[in-house]
Amino acid sequence: MDVRATIEEALRDLGIETPFVEIEQPRVVEHGDLATPVAMSVARSLRRPPRDIAEEIAERLSSTGLFERVDVAGPGFINLFLKRQYLWNELLRLLKDPAGYLRKDIGKGERVQVEFVSANPTGPLHLGHGRGAAVGAALSALLQRGGYSVEREFYINDAGRQVQLLGESLFARYCEALGREYPIPEEGYRGEYLGDLARSLVDEVSDRYLNRPFQEVQDFFVEYAVQKMLGWIKRDLEDFGVTFDRWQSEKALYQDGTVQRCHEELKKRGFLYEKDGALWFRSTLFGDDKDRVVIKSDGTPTYFSSDIAYHWYKLQRGFHRIINIWGADHHGYVPRIKAVVKALGLPEERLHILLVQMVNLLKGGRPVQMSKRYGEFVTLREVMEEVGADTTKFIFLTRRHDSHLDFDIEVAKASSSENPVYYVQYAHARINSIFRKADQRLLEDLKGADPSLLEQDEEIALLKKLLLYPLIFEGAVRALEPHRITFYLQELASLFHYFYTKHRVLTEDRDITMARLLLCKGVLIVLREGFGILGITAPEKM
RNA sequence: GCCCCCUUAGCUCAGUAGGAUAGAGCACAGGAUUCCUAAUCCUGGUGUCAGAGGUUCGAAUCCUCUAGGGGGCACCA
């Protein structure tokens, strides 16, 4: 029986309407296992004293049989003390059907697309991309468990000026490798990785492209460079443990006419106009602070041009919601994309843009200067190899996505043995160790265990935390905040470690042993569920 | 100049949809293991929630202003 559902039912019976019943975990034990301020929030609209309402709700809740005690306290809090029998029953429910207990069909199969990373294929991924990758993957996993049908997509910016510059930069390096002078373009890419790539290109094609003007060979160089970069990006992400369902090419949106069709749609709606030889989108009608150019006066499209089409296309594909995870340096872009959605006659709630804040890379307290242009930056791969993928992800997922983040490589490495991620994983390893040592016949016979033997304070505390998972989970899904799972897992691990040092699981007493194995099994299941969301491994030994 | 984000313990960060006495990790000091993994546990304490007003029964949370930090302001991507 779900506590929230119980309260909602009680409210319905009393004819009280409220959009949301807040349930919190009180800090003080005297305030119960759970508490709700709902009486106070409805007091104003009901024009009644909150305590009166609270009393009424409390009385109704007392009769449900879930609670040992229901108190009304302070200005109108309702404090709930759960019956032990309820806790024990819940543990059995969890073990009987873990997925049913831990996941909830909030989305009802609604289709959601999460687009993330989408790094330009002009170089290796850096640490900021890693943060986007960790957050996007965790959010996707979270929503999936929340009953949404999720598709993960990477948008490839393989059209436009940046990849042109990339191609020409590679050409320059190629010439350099063969002794011909050709300058790297002013705003080109100077990273050493292109030098390496050029040398391997020489091995492949020798001097076939050497004595020709760049214009003639540019298609080859752009294509070659983009494919190689994309290959690196895919490999980096794969090694980081992040996968995508779909890779959407920008170039393809031009080639298959999507961009064209979208422009026609906007034109039909009257939101495009010509001025100074360029084609403009009237985004100011929808809250942007100026209109934006779609086709430049020289006839070439802006980046925005395909981006409009991309968002249109995404929504056309039948997603009820699309979520973009962007670096915070793109925040200025938000109003114009929202304008696009509105202009196309779609409700803006269908587009969520999550801004992931910048990552400050430090080394022993000192900032590491990064410049993409000169190719001086620390790559995700370097960090992954030095610090480890699990640790890196965990650090990213113990912060809100919109908080600035200091990532100190030295700290992440140095503290690796007492790193929070190991703390949580260690709980998992310990339980596995117990299971290895345990009499296998007991493990197979856990259905016969009696959870009501779990009466020690540490057992009850652990049990309560365990059963809190669905509440945390729902909150995380609603708020699109996977980091809540991370914090919860640390708290759960902490209570487990405390329990572990206080009590032996494997004892002489067969019944106690089985009850405790049952509890451990529950913790194991919840830890794994959480690890699955965060995308970290669940080691059986450490 | 305009816009967005951030400011909570020495450091890094949480603080759940406005709720009760603001939390964790790290760092520092001391202690715990005959027995399932000591990557563990226990005990120590600190806050002008950047500042000032306002809304509210109630504000770290909402509004306004100020200060500091970061980011963005193109017919660039």
Side-chain angles (χ1 to χ4, degrees), chain A residues 19-28 30-31 35-37 40-41 43-44 49-50 73-77 79 120 122 157 159-163 165 187 275-280 289-290 292-298 300-304 307 327-335 355 357-358 360 365 395 398-400 402-408 411 415-423 425-427 429-438 471-472 474-476 478-479 481 483-484 486-488 490-491 493-494 496-507 513 516 520 541-542:
Chain A
F20 176 77
V21 177
E22 191 183 345
I23 297 177
E24 40 185 52
Q25 207 192 355
R27 279 189 284 272
V28 194
E30 293 79 49
H31 294 160
T36 175
M40 290 180 288
S41 23
R44 194 184 308 271
F77 288 99
N79 295 332
N120 279 344
T122 53
N157 293 118
R161 195 170 124 81
Q162 294 309 312
V163 290
L165 286 169
E187 288 172 88
K275 194 183 87 182
D276 305 330
L279 189 65
W280 297 70
D289 43 16
K290 55 176 294 192
R292 306 290 170 176
V293 170
V294 177
I295 307 281
K296 293 183 264 183
S297 53
D298 67 2
T300 60
T302 59
Y303 175 78
F304 184 51
D307 224 32
D329 52 341
H330 287 71
H331 68 78
Y333 220 73
V334 174
L355 296 175
Q357 270 297 346
M358 305 283 97
N360 263 324
I395 288 173
T398 38
R399 270 101 173 150
R400 294 176 51 86
D402 62 350
S403 80
H404 297 262
L405 186 151
D406 283 346
F407 193 107
D408 193 315
V411 171
S415 67
S416 66
S417 63
E418 50 203 42
N419 206 292
V421 69
Y422 295 114
Y423 181 85
Q425 288 177 325
Y426 188 50
R430 271 184 152 173
I431 294 173
N432 276 286
S433 172
I434 294 171
F435 286 178
R436 281 193 297 272
K437 286 263 162 59
L471 208 60
I472 303 294
E474 275 181 58
R478 173 188 49 73
E481 288 182 350
H483 77 274
R484 295 188 190 190
T486 320
F487 282 89
Y488 168 82
Q490 295 189 68
E491 290 165 13
S494 168
F496 173 76
H497 287 310
Y498 183 47
F499 156 78
Y500 180 93
T501 43
K502 204 94 175 192
H503 303 286
R504 277 192 64 84
V505 173
L506 307 177
T507 63
T513 300
R516 289 186 178 156
C520 286
K541 286 182 186 173
M542 285 175 75

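Convention: sequence-line order gives letters A, B, ...; per-chain numbering from 1.
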Novice: Between B:rU64 and B:rC57, how far is it from one C1' atom to the other, in whole Å?
Specialist: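 Per the computed distance, 23 Å lies between those C1' atoms.
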Novice: Sticking with atom C1', work out how far B:rG45 lies from B:rC28, rounded to a whole angstrom.
Specialist: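 Straight-line distance between the two C1' atoms is 11 Å.
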Novice: A:Tyr488 OH to B:rG25 P: how many Å, rounded?
Specialist: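 Value for this atom pair: 17 Å.
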Novice: With sequence neighbours excluded, tell me which residues meet salt bridge (Lys or Arg N to Asp or Glu O under 4.0 Å) with A:Asp406.
Specialist: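 Not a single residue meets the salt bridge (Lys or Arg N to Asp or Glu O under 4.0 Å) criterion with A:Asp406.
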Novice: So for A:Thr302 and B:rC75, does any side-chain atom that can act as donor or acceptor lie under 3.5 Å from a complementary atom in the base?
Specialist: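 No pair found.
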Novice: Does A:Thr36 reach the main-chain N or O of A:Ile23 with its side chain, forming a donor-acceptor pair under 3.5 Å?
Specialist: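 Not at all, since once roles are kept as given, no pair shorter than 3.5 Å links the two residues.
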Novice: Rounded to the nearest Å, what distance is computed from the CZ atom of residue A:Arg400 to the P atom of nucleotide B:rU8?
Specialist: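 Value for this atom pair: 15 Å.
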Novice: Counting only N and O atoms by type, is there a donor-acceptor contact under 3.5 Å from the side chain of A:Thr300 to the main-chain atoms of A:Lys296?
Specialist: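 Flag not set: sc A:Thr300 to bb A:Lys296 has no pair under 3.5 Å.
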Novice: Where each residue is assigned the nucleotide of RNA chain B containing its nearest heavy atom, which of A:His483 and A:Val28 is assigned the position nearer the 5′ end?
Specialist: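 Result: A:His483.
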Novice: May I ask you to say what A:Ser297 touches in the nucleic acid, namely base, sugar-phosphate or nothing, with a heavy-atom cut-off under 4.0 Å?
Specialist: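 Base contact - A:Ser297 has a heavy atom under 4.0 Å of at least one base atom.
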Novice: Would you please name every residue forming a ring-ring contact (aromatic ring centres under 6.0 Å, His included) with A:His497, sequence neighbours left out?
Specialist: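 In terms of ring-ring contact (aromatic ring centres under 6.0 Å, His included), with neighbours along the sequence ignored, A:His497 is linked to A:Tyr423, A:Tyr426.
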Novice: Going 5' to 3' along nucleotides 58-64 of chain B, which nucleotides have protein heavy atoms under 4.0 Å from the base (write B), which only from the sugar-phosphate (write S), and which from neither (write -)?
Specialist: -------
Novice: NA contact type, A:Phe20, heavy-atom cut-off 4.0 Å: base, sugar-phosphate, or nothing?
Specialist: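 A:Phe20: base contact, heavy atoms under 4.0 Å.
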Novice: Compare side-chain N and O positions of A:Lys296 against OP1 and OP2 of B:rC76 and report whether any pair is under 4.0 Å apart.
Specialist: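 So the side chain of A:Lys296 is within the cut-off, an N or O lying under 4.0 Å from OP1 or OP2 of B:rC76.
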Novice: Check every atom of B:rG19, B:rC75, B:rC5 against the side chain of A:Gln357 and return the nucleotide holding the closest atom.
Specialist: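 Nearest nucleotide to the side chain: B:rC5.
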Novice: Is it the case that the side chain of A:Arg516 and the backbone of A:Arg504 share a donor-acceptor pair, with hydrogens and angles ignored and the cut-off at 3.5 Å?
Specialist: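 Answer holds: yes.
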Novice: Any donor-acceptor pair under 3.5 Å joining the side chain of A:Arg484 to the base of B:rA14?
Specialist: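 Such a pair does not exist between side chain and base.
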Novice: Does any donor-acceptor pair link the side chain of A:Asn79 with the base of B:rA20 at a separation under 3.5 Å?
Specialist: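 Checked by distance alone, the answer is yes.
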Novice: Does A:Arg27 make a side-chain N or O approach to OP1 or OP2 of B:rG23 shorter than 4.0 Å?
Specialist: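 Looking at the OP1 and OP2 atoms of B:rG23, one of them is under 4.0 Å from a side-chain N or O of A:Arg27.
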Novice: Identify which nucleotide among B:rU21, B:rC41, B:rC35 has an atom closest to any side-chain atom of A:Tyr498, counting heavy atoms from C-beta outward.
Specialist: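 Of B:rU21, B:rC41, B:rC35, B:rC41 is nearest to the side chain of A:Tyr498.
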Novice: Only counting residues at least two apart or in another chain, list the ones meeting ring-ring contact (aromatic ring centres under 6.0 Å, His included) with A:Phe435.
Specialist: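 Result, ring-ring contact (aromatic ring centres under 6.0 Å, His included) vs A:Phe435: none returned.
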Novice: Of the nucleotides B:rA77, B:rG70, B:rC6, which one has an atom closest to the side chain of A:Asp402?
Specialist: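 Out of B:rA77, B:rG70, B:rC6, the nucleotide with an atom closest to A:Asp402's side chain is B:rC6.
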Novice: Check nucleotides 67-69 of chain B against the protein and report each pair of N or O atoms closer than 3.5 Å, with its distance, or say if there are none.
Specialist:
unit_1 : atom_1 : unit_2   : atom_2 : d
B:rG69 : N2     : A:His404 : NE2    : 3.3

Novice: Using the side-chain heavy atoms of A:Lys290, tell me which of these nucleotides is nearest: B:rA20, B:rC75, B:rG19.
Specialist: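 When the side chain of A:Lys290 is considered, B:rC75 is the closest of B:rA20, B:rC75, B:rG19.
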Novice: Pull out every stem in RNA chain B, meaning runs of 3 or more consecutive Watson-Crick or G-U wobble pairs with both distances under 3.5 Å.
Specialist: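 As far as RNA chain B goes, consecutive pairing (with distances under 3.5 Å) yields the stems B:1-7 with B:67-73, B:10-13 with B:23-26, B:28-32 with B:40-44, B:50-54 with B:62-66.
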Novice: Report yes if some heavy atom in the side chain of A:Asn157 is under 4.5 Å from a heavy atom in the side chain of A:Tyr303; otherwise report no.
Specialist: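 A:Asn157 reaches A:Tyr303 side chain to side chain.
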Novice: Reckon A:Tyr422 has a side-chain N or O less than 4.0 Å from the OP1 or OP2 of B:rA39?
Specialist: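 Checking A:Tyr422 against B:rA39: no side-chain N or O falls below 4.0 Å of OP1 or OP2.
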